[in-house]
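When reading the values below, keep in mind they use all heavy atoms of this one structure, side chains included, and skip hydrogens, waters and symmetry mates.
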Amino acid sequence: TTLAAATCVSPKGYFLTPVATLAAGDAVTVVLNVGEKDEKSLPGKVLDADRGSGFALVKVDPPAPLAAVEFGDETKLTETDELLAFAPPN
């Protein structure tokens with residue numbers, strides 16, 4: 001069993017996660033925090049695992065749209081904007 005953090009990038013259930021030992025086609029379980037102490041497990045599948053970027057794309061079929069990060073335009077960032085940066089592990 002491997003545990004890794006993932007970021008939801010689409011309300012339709014797409015997640016980015018470090019590629020680690022994943023391969024395209026692998027079955028995974030995504031555990032969502034749905035409350036202070038509640039978790040929901042969803043079966044998922046690795047759609048792509050790109051060793052060059054260090055990321056894998058995982059898809060689950062959520063029962064309802066999920067909260068996802070919003071992608072922006074880096075040319076419009078200001079010093080006070082909050083952001084999330086992705087980088088492959090070294």
Side-chain angles (χ1 to χ4, degrees):
T1 301
T2 301
L3 181 65
T7 301
C8 185
V9 295
S10 166
K12 295 180 179 181
Y14 292 91
F15 289 81
L16 278 181
T17 189
V19 73
T21 58
L22 297 174
D26 281 357
V28 297
T29 300
V30 174
V31 180
L32 304 173
N33 292 325
V34 293
E36 285 189 32
K37 296 183 180 181
D38 294 326
E39 294 181 343
K40 181 170 183 81
S41 295
L42 298 172
K45 184 175 181 178
V46 178
L47 298 181
D48 193 12
D50 181 40
R51 304 256 180 240
S53 70
F55 293 103
L57 182 64
V58 173
K59 174 70 169 94
V60 300
D61 292 318
L66 301 173
V69 296
E70 184 177 324
F71 290 94
D73 182 346
E74 74 274 6
T75 64
K76 296 180 181 177
L77 284 175
T78 66
E79 291 181 12
T80 58
D81 288 340
E82 294 182 10
L83 62 94
L84 177 65
F86 294 97
N90 290 335

**Q** How far apart are the closest heavy atoms of Val19 and Ala49, and which atoms are they?
**A**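 Smallest heavy-atom distance, with atoms named: CG2-CB, 3.5 Å.
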**Q** So if you build clusters from Ile, Leu, Val, Met, Phe, Trp, Tyr with side-chain heavy-atom gaps below 4.5 Å, do Val31 and Val28 land together?
**A**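 Val31 does not cluster with Val28.
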**Q** Minimum heavy-atom separation for Ala5 to Thr17, with atom names?
**A**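 Taking Ala5 first and Thr17 second, the nearest heavy atoms are O-OG1, 2.8 Å.
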**Q** Suppose we screen for side-chain contact (heavy atoms from CB on, under 4.5 Å). Which residues come up paired with Glu74, at least two apart in sequence or across chains?
**A**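 Leu77.
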**Q** Just so I know, are the side chains of Phe71 and Val9 near enough to count as touching, which here means a heavy-atom distance under 4.5 Å?
**A**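 Contact flag for Phe71/Val9 side chains = yes.
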**Q** Any pair with a residue in residues 3-12 that passes salt bridge (Lys or Arg N to Asp or Glu O under 4.0 Å), sequence neighbours left out, goes on the list, sorted by first then second residue, please.
**A**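 Every pair satisfying salt bridge (Lys or Arg N to Asp or Glu O under 4.0 Å) with a residue in residues 3-12: there are none.
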**Q** What verdict does the side-chain contact (heavy atoms from CB on, under 4.5 Å) test give for Asn33 and Glu39, after you've listed the backbone C-alpha separation in whole Å, the side-chain angles of each residue and the deciding distance to 0.1 Å?
**A** CA-CA 5 Å; Asn33 292 325; Glu39 294 181 343; 3.7 Å; yes
**Q** Which value, rounded to the nearest 0.5 Å, describes the distance between Thr29 atom OG1 and Leu42 atom CG?
**A**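 So the gap between those two atoms works out to 9.0 Å.
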**Q** Could you note down all residue pairs passing salt bridge (Lys or Arg N to Asp or Glu O under 4.0 Å) where residues 40-50 supplies at least one of them, sequence neighbours left out?
**A**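 Salt bridge (Lys or Arg N to Asp or Glu O under 4.0 Å) check on residues 40-50 returns no pairs.
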**Q** Return the set of residues passing side-chain contact (heavy atoms from CB on, under 4.5 Å) with Thr80 (not counting sequence neighbours), or none when no residue passes.
**A**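 For Thr80 the side-chain contact (heavy atoms from CB on, under 4.5 Å) partners, ignoring immediate neighbours, are Thr78.
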**Q** Who passes side-chain hydrogen bond (donor to acceptor under 3.5 Å, both in side chains) against Ser41, sequence neighbours left out?
**A**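 side-chain hydrogen bond (donor to acceptor under 3.5 Å, both in side chains) check on Ser41 returns nothing, list empty.
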**Q** Return the SG to CG distance between Cys8 and Leu16, rounded to the nearest 0.5 Å.
**A**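 Result: 9.5 Å between the selected atoms.
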**Q** If you compare all heavy atoms of Val60 against all heavy atoms of Gly44, which two are closest, and at what distance to 0.1 Å?
**A**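 Between these two residues, the closest heavy atoms are CG1-CA, 3.8 Å.
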**Q** Kindly indicate whether the side chain of Leu47, heavy atoms from C-beta on, has any atom under 4.5 Å from the side chain of Phe15.
**A**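 No, their side chains stay 4.5 Å or more apart.
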**Q** Compare every heavy atom of Ser10 with every heavy atom of Ala68, then report the nearest pair and how far apart it is.
**A**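 Of all heavy-atom pairs spanning Ala68 and Ser10, the closest is CB-N, 3.5 Å.
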**Q** What residues, two or more places apart in sequence or in another chain, satisfy salt bridge (Lys or Arg N to Asp or Glu O under 4.0 Å) together with Asp61?
**A**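 If we apply the salt bridge (Lys or Arg N to Asp or Glu O under 4.0 Å) test to Asp61, skipping adjacent residues, the hits are Lys59.
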**Q** For residues Pro11 and Pro62, report the shortest heavy-atom separation together with the two atoms involved.
**A**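 Taking every non-hydrogen atom into account, O-CG, 3.9 Å.
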**Q** I'd like to check the side-chain contact (heavy atoms from CB on, under 4.5 Å) partners of Asp73; sequence neighbours left out, ordered by chain and number.
**A**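 Partners of Asp73 by the side-chain contact (heavy atoms from CB on, under 4.5 Å) criterion, ordered by chain and then number, come out as Thr75, Lys76.
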